[in-house]
Amino acid sequence: RAYDAQLKKLDDKQNSLTERLDALNKKKIEVANVNGNVDATDEDFVEVNAGGTVITCKRSTLTQLKGTRLEALFSGLWDKKLQRDGSGR
């Protein structure tokens, strides 16, 4: 009985977490639709003006370390909000 009760508790918790994750993923897509590029892929080439030096690399290079500021900036979610130089980089 105690085992079944604990198992039900864990199942309920898992369902709750799954619902929260689904809600967060939905919100992420909404944010990308408003502020970013929903078609962004890891294979995109990105030009970055770093102090006057233009660097071109794949988006995957800038986003490979998950949870970092670079990943957040270049994930595509915020493309419309990023500061650009005169050439749009």
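- Interatomic distance, Leu82 CG to Phe74 CZ, rounded to the nearest 0.5 Å: 6.0 Å.
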Next on the checklist: Checking Trp78 against Leu73 for the side chain to side chain contact (heavy atoms under 4.5 Å, CB included) test, could you report, in this order, the C-alpha distance in whole Å, the side-chain angles of both residues, the deciding distance, and whether it holds?
Outcome noted: CA-CA 6 Å; Trp78 303 103; Leu73 286 172; 5.7 Å; no
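- Using a 4.5 Å cut-off on side-chain heavy atoms (C-beta onward), Val34 and Glu30 make no contact.
- Expressed to the nearest 0.5 Å, how far CD1 of Ile55 lies from OG1 of Thr61 amounts to 11.5 Å.
- The CD atom of Gln14 sits 15.5 Å away from atom NZ of Lys9, with the distance rounded to the nearest 0.5 Å.
- Using a distance-only test at 3.5 Å, with no hydrogens or angles considered, a donor-acceptor pair links the side chain of Glu71 to the main chain of Gly67.
- The side chain to side chain contact (heavy atoms under 4.5 Å, CB included) check on Lys80 picks up nothing, with sequence neighbours excluded.
- Taking each heavy atom of Ala40 and Gly76 in turn, the nearest pair found is CB-CA, 3.8 Å.
- For the atom pair OG of Ser75 and NZ of Lys66, the computed distance is 8.5 Å after rounding to the nearest 0.5 Å.
- The side chain to side chain contact (heavy atoms under 4.5 Å, CB included) test with Leu62 singles out one residue from Asp44, Val48, Asp42, and that residue is Val48.
- In this structure, Glu43 does not pair ionically with Arg59, as no charged nitrogen and carboxylate oxygen lie closer than 4.0 Å.
- Sequence neighbours left out, the pairs with a member in residues 11-27 that pass salt bridge (Lys or Arg N to Asp or Glu O under 4.0 Å) are Lys8-Asp12.
- Put simply, CG on Leu77 and NZ on Lys28 are 6.0 Å apart, with the number rounded to the nearest 0.5 Å.
- Of all heavy-atom pairs between Thr68 and Leu65, the closest is OG1-O, 2.7 Å.
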